[in-house]
Amino acid sequence: MADLIGLAILFLILALVAYVLGAKGVAGLSMTIAKWLVIIFIILAIIAFFL
């Protein structure tokens, strides 16, 4: 599960760099991917906690 949060942080950094460079489409897509990775990570962490 550590890989998921690592990927989410990577996409967040990519989104911030893309936004600064003016590529707002890439930044929006990267933020969406990062958001979904964090959501999946939280769901899997909750499931692992109860199992």
Side-chain angles (χ1 to χ4, degrees):
M1 279 199 314
D3 293 337
L4 278 177
I5 203 70
L7 280 174
I9 292 170
L10 177 71
F11 276 107
L12 177 65
I13 292 170
L14 176 67
L16 291 173
V17 170
Y19 183 77
V20 168
L21 295 177
K24 293 189 183 1
V26 174
L29 180 64
S30 297
M31 282 300 290
T32 302
I33 293 171
K35 179 179 71 171
W36 279 107
L37 286 173
V38 168
I39 290 170
I40 292 169
F41 172 78
I42 291 171
I43 291 170
L44 289 176
I46 291 171
I47 290 171
F49 179 72
F50 286 115
L51 293 180

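Note that the numbering runs from 1 along the sequence shown for the chain.
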Met31 side chain reached by Phe11 side chain, heavy atoms, under 4.5 Å: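 No, too far: nothing below the 4.5 Å cut-off.
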
Of Ile40, Ile39, Ile46, which is the lone residue that meets side chain to side chain contact (heavy atoms under 4.5 Å, CB included) with Ile43?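 Only match with Ile43 under side chain to side chain contact (heavy atoms under 4.5 Å, CB included): Ile39.
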
Mind checking the OG-CG spacing from Ser30 to Leu16? Nearest 0.5 Å is all I need.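 So the gap between those two atoms works out to 9.5 Å.
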
Test of understanding: clusters of I, L, V, M, F, W, Y form through side-chain heavy atoms closer than 4.5 Å, transitively. Do [X] and [Y] belong to the same one?
{"X": "Leu44", "Y": "Val38", "answer": "yes"}
{"X": "Ile42", "Y": "Ile9", "answer": "no"}
{"X": "Leu14", "Y": "Leu7", "answer": "yes"}
{"X": "Leu29", "Y": "Leu10", "answer": "yes"}

Shortest non-hydrogen contact between Ala34 and Leu12, atoms and distance: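 Answer, listing the atom of Ala34 first, then Leu12: CB-N, 4.0 Å.
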
